[in-house]
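Remarks on the structure that follows.
All heavy atoms count here, side chains included; hydrogens, waters and symmetry mates do not. A note on names: the letters A, B, ... follow the listed sequences, proteins ahead of strands, and every chain is numbered from 1.
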Amino acid sequence: MTLKIYNVLTRKKEEFVPLVEGRVNMYVCGPTVYDYSHVGHAKTYGNFDVIVRWLRYLGYDVLYVQNITDVGHMLDTGEDRVLKKARQLSAEPMQIVETYMRQYFADMDALGIQRPDISPRASGHVPEQIEMIEELIAKGHAYEVNGSVYFDVTSFPEYGKLSGRVLEDQEEGSREAVRTEKRHPADFALWKKADPEHILHWPSPWGEGYPGWHIECSAMATKYLGPTFDIHGGGIDNIFPHNECEIAQSEAANDEPLARYWMLVGSLTLDGVKMSKSLGNTLTVREALERWPAEAIRTFILSSHYSSPIDFSDEAVEAARKGWQRIWSAVVLVREQLRRAPEGEISDEVDVLVDATKAAFTEKMNDDFNAPAALAVLQDFTRQVNTLLNEQGPQTSGSLAAIDQLYRELGGDVLGIIPDEAEMGADAEREEGLIRLLIELRAQARAQKDWATSDRIRDQLRELGVVLEDRPDGTIWKFE
RNA sequence: GGCGACGUGGCCAAGUGGUAAGGCAGAGGUCUGCAAAACCUUUAUCACCGGUUCGAAUCCGGUCGUCGCCUCCA
């Protein structure tokens, strides 16, 4: 069974063949760190998180690079995003960058998104960027004007091959000052001369200045992954001009294809409207996490294919949360029963079920990382597990362990929606002991048909976020 | 105007040639001291029109509609 990936470059689903057997070099465009990350970031990096997890599950040795943009990303007013924020807060630009970069990692951590192997920062790779720009000038792909350097798009005939845009169709940009310097309206900045008030700047062969936005990705990808690597990812909204410019720069400088497979994820809208900094309708990851568990947000993100756009709304996330809860409840039940299960080998029935589930799940994920279909496999599995536990007496420890293991692998390691253990505080053991004690007392009350006491314990625990469920074989509990 | 997606049951969403996965919501039922959970049953011919084919949600053409990008955004 082989992995297939939809390659945006060829607009076809292709069999994945890495450059070096067993190894995957991968680059994903990262965020500009000048504000809190929002749920759009959660989708993009959550999607790639599962993609990387699946590649690793398949046994690939993955090197995952995701940049941090901390300089050069301009607003349409020509201002640097970071500098603008710094001025607003009367802070050092690098202070802003540091603050939001830490916050970005904290937010992604909270969502269970595994960190990239390398998170290179643009400001830390200025020499590499200058070097690439010099190479481009030397090869006739770039030219200098008044201390700024622009890429000459007419020198790269394949410009537009990713996004399908043709140069002649492009309308001219609106930045008058910039436009007059450029030979062609579609030419883009590799290096910008620093204005006197622009406090973030570096010396270069063309005077004091700073790198353009696109060049960082080309320079850093080349540095860490080589001139050609396996997968380049990012959000579909960056297909033009950013990704297109990356290809032009890298391929013009290195004389080699930049990436073999391009994977772009669909955008996220909020209540039907595209979330954007300029519109101000953003929902931050921290805000979302105050309302839903990380696993529920992940489940929502994974409930449609990575390449599709999704609409974030209370109802949609809530529906996903309930769907996730169903799976999680089954996991809790399995683990609870495992504590006191009779020793024994795995039953034939469970053995077959687990194998079939794994095979179905693998088939879906290998088909261009079809997480929603894989999730459905897990839902199907859950229904069968519930039936088994409810209607067929106690299962052996071998069977329960196999079921638990499958949840850990597919639900935990791959999809990241099944925690290893229920999240508990520092006094976890004491807390669990207290809950079990209360359950025991309640069992005594129930035996004496003292429903008042019994219900009081259940109701008050519920208020504390502990849900009790009475089953024929005893009471189980879980956090809400 | 150009480029690119998309339009599947009440909602979300898989499925890209052989008579429609899954989740949520709804209805009925089983179980239960009650509750919760779970399980069972139940709701679609795939925007519309035309074409190709023995056969299409799935391919081709057209119509209508939604969205993204073309300017900062993951």
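The residue among A/His41 and A/Glu318 whose nearest nucleotide of RNA chain B is located toward the 5' end is A/Glu318. Looking at which nucleotide of RNA chain B each of A/Asp455 and A/Met275 is closest to, the 5′-most match is held by A/Asp455.
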*Would A/Arg102 and A/Glu98 count as a salt bridge (Lys or Arg N to Asp or Glu O under 4.0 Å) if you check the C-alpha gap in whole Å, the side-chain angles of each, and the deciding distance to 0.1 Å?*
CA-CA 6 Å; A/Arg102 288 179 193 175; A/Glu98 202 65 36; 3.7 Å; yes

_Criterion salt bridge (Lys or Arg N to Asp or Glu O under 4.0 Å) on A/Lys478 and A/Glu469, from CA distance to verdict_ = CA-CA 9 Å; A/Lys478 65 191 167 201; A/Glu469 287 173 21; 2.9 Å; yes

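With hydrogens and angles ignored, no donor-acceptor pair closer than 3.5 Å exists between the side chain of A/Asp311 and the base of B/C12. Contact of A/Asn370 with B/G15 (side chain to base): no donor-acceptor pair of N or O atoms is detected under 3.5 Å. Taking 3.5 Å as the limit, the base of B/C34 and the side chain of A/Arg458 contain a donor-acceptor pair of atoms between them. Counting distance only, with no hydrogens placed and no angle test, the side-chain atoms of A/Ser454 and the base atoms of B/G33 include a donor-acceptor pair under 3.5 Å.
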Which pairs of donor and acceptor atoms, one on a side chain in residues 458-468 of chain A, lie under 3.5 Å apart (sequence neighbours left out)?
from     : atom 1 : to       : atom 2 : distance (Å)
A/Arg462 : NH2    : A/Glu480 : OE2    : 3.1

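Base pairing annotation: B/U42 forms a Watson-Crick or G-U wobble pair with B/G26, both donor-acceptor distances under 3.5 Å. Under the Watson-Crick and G-U wobble criteria, each requiring two contacts below 3.5 Å, nucleotide B/C67 is paired to B/G4. In this structure, B/C48 and B/G62 make a Watson-Crick or G-U wobble pair, each of the two defining distances being under 3.5 angstrom. B/A14 is unpaired under the criterion used here, namely a Watson-Crick or G-U wobble arrangement in which both key atom distances are under 3.5 Å. For B/U19, there is no paired nucleotide, since no Watson-Crick or G-U wobble pair has both relevant distances below 3.5 Å.
Comparing the P positions of B/U16 and B/C6 gives a spacing of 13 Å, expressed to the nearest Å.
For A/Glu469, counting side-chain heavy atoms from C-beta on, the closest listed nucleotide (B/A36, B/G33, B/C70) is B/A36. Closest to the A/Asp470 side chain, of the nucleotides B/C40, B/A74, B/G33, is B/G33. Between B/A74, B/C39, B/A38, one nucleotide has an atom nearer to the side chain of A/Asn390 than all others, and that is B/A38. Closest contact between the side chain of A/Ser267 and the listed nucleotides B/G68, B/A21, B/A14 involves B/G68. Here B/A5 is the nucleotide among B/A14, B/G33, B/A5 with the atom lying nearest to any side-chain atom of A/Arg11. Picking from B/C39, B/A35, B/A74 the nucleotide with the shortest atom distance to the side chain of A/Glu391 gives B/C39. You'll find that the side chain of A/Pro31 is closest to B/A74, out of B/A74, B/A38, B/A21. Of the candidate nucleotides B/G33, B/G22, B/A38, B/G33 has the atom lying nearest to any side-chain atom of A/Arg446. Picking from B/G68, B/G2, B/A14 the nucleotide with the shortest atom distance to the side chain of A/Lys274 gives B/G68. With B/A14, B/A21, B/C70 as the candidates, the nucleotide lying closest to the side chain of A/Ser304 is B/A14.
Applying the salt bridge (Lys or Arg N to Asp or Glu O under 4.0 Å) rule to pairs touching residues 365-375 of chain A yields A/Lys13-A/Asp367, sequence neighbours excluded.
The phosphate of B/A25 has neither OP1 nor OP2 within less than 4.0 Å of any side-chain N or O from A/Arg321. In terms of phosphate contacts, A/Lys322 brings a side-chain nitrogen or oxygen within less than 4.0 Å of OP1 or OP2 of B/A25. Taking only side-chain nitrogens and oxygens, A/Lys478 never comes nearer than 4.0 Å to OP1 or OP2 of B/A36. Dashed line: the shortest gap from a side-chain N or O of A/Arg462 to OP1 or OP2 of B/A36 is not under 4.0 Å. For B/A14, the OP1/OP2 oxygens have a side-chain nitrogen or oxygen of A/Ser308 closer than 4.0 Å.
By the stacking rule of 5.5 Å between ring centres and under 30° between planes, A/Tyr45 does not stack on the base of B/A74.
Counted within 6.0 Å of CZ on A/Arg456, heavy atoms from surrounding residues, nucleotides or ligands total 12 or fewer; the atom is thus considered open.
Side-chain contact between A/His38 and A/Met275: present, with at least one pair of heavy atoms (C-beta onward) separated by less than 4.5 Å.
Among the heavy atoms of the strands lying under 4.0 Å from A/His38 is at least one base atom, whether or not backbone atoms are also near. Nucleic acid contact class of A/Arg442 (heavy atoms, under 4.0 Å, all strands): base.
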